Amino acid sequence: MNETGKCQSCAMPIEDGSYCQYCTDENGNLQKFKERLERMSQFMLARQKASTVEEARMKAALYMSDMPAWRDNLTLREFLKENGL
């Protein structure tokens, strides 16, 4: 089990490693920001945590900004700034 027992990208419980199966590409690497943002946005829409794609995207970006994998990501910072977040 990793230090926290959670994916460093989305906080899903995991047994080992840094990232869950949903946050990695076919090689086991963390997905690119835009891909992860879109997938997390779709998850939020499916779970009815947002009513529009845009709202889901903003909520996903804010959530990601608290995650260790994304906290210092420049692309995420730029996205948040561009959207007044």
Side-chain angles (χ1 to χ4, degrees):
M1 187 172 283
N2 72 18
E3 190 174 306
T4 64
K6 295 181 180 180
C7 175
Q8 302 297 296
S9 174
C10 72
M12 181 176 186
I14 56 175
E15 298 259 337
D16 59 10
S18 296
Y19 310 116
C20 71
Q21 64 185 16
Y22 302 107
C23 292
T24 56
D25 63 18
E26 62 278 350
N27 297 318
N29 299 312
L30 183 63
Q31 294 169 348
K32 301 279 187 216
F33 166 73
K34 288 186 179 188
E35 181 178 2
R36 181 80 314 256
L37 177 65
E38 291 309 312
R39 289 182 181 214
M40 195 169 288
S41 298
Q42 292 303 315
F43 176 82
M44 290 196 166
L45 282 170
R47 297 288 188 255
Q48 299 177 341
K49 295 183 184 275
S51 56
T52 66
V53 172
E54 191 59 31
E55 179 186 11
R57 199 172 283 126
M58 295 304 120
K59 285 185 174 192
L62 287 171
Y63 182 83
M64 290 170 71
S65 70
D66 284 336
M67 298 281 76
W70 302 106
R71 197 172 288 141
D72 297 324
N73 184 281
L74 294 177
T75 307
L76 174 57
R77 286 185 185 181
E78 289 172 10
F79 179 86
L80 292 170
K81 186 177 180 180
E82 288 171 3
N83 289 283
L85 302 171

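Computation of the quantities below employed the complete heavy-atom set of this structure, encompassing side-chain atoms and omitting hydrogens, waters and symmetry-equivalent molecules. Owing to the predicted nature of the structure, the values given are computational and were not obtained by experimental measurement.
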Sequence-distant partners of Asp72, salt bridge (charged side-chain N to carboxylate O under 4.0 Å, His left out), two or more places apart: Arg77
Those residues that, when tested against Tyr63, pass side chain to side chain contact (heavy atoms under 4.5 Å, CB included) (two or more places apart): Ala11, Met40, Met44, Met67
Minimum-distance pair of heavy atoms, taken over all atoms of Leu45 and Ala50: CD2-O, 3.6 Å
Residues which pass side chain to side chain contact (heavy atoms under 4.5 Å, CB included) with Leu80, listed by chain and number, not counting sequence neighbours: Ala61, Leu62, Ser65, Leu76, Leu85
Distance, nearest 0.5 Å, that separates CD of Gln8 from SG of Cys20: 10.5 Å
Distance (rounded to the nearest 0.5 Å) between Lys59 NZ and Thr52 OG1: 9.0 Å
Contacts of type side chain to side chain contact (heavy atoms under 4.5 Å, CB included), residue Ser51, not counting sequence neighbours: Glu55
Phe79 side chain reached by Lys34 side chain, heavy atoms, under 4.5 Å: no
All side chain to side chain contact (heavy atoms under 4.5 Å, CB included) counterparts of Asp25, not counting sequence neighbours: Asn27, Asn29
Qualifying side-chain hydrogen bond (donor to acceptor under 3.5 Å, both in side chains) pairs, either residue in residues 35-46, two or more places apart: Gln31-Arg36, Glu35-Arg39, Glu38-Arg57
Pairwise side-chain contact, Leu30 with Trp70, heavy-atom cut-off 4.5 Å (strictly under): yes
Point-to-point distance, once rounded to the nearest 0.5 Å, from SG of Cys7 to OH of Tyr22: 11.5 Å
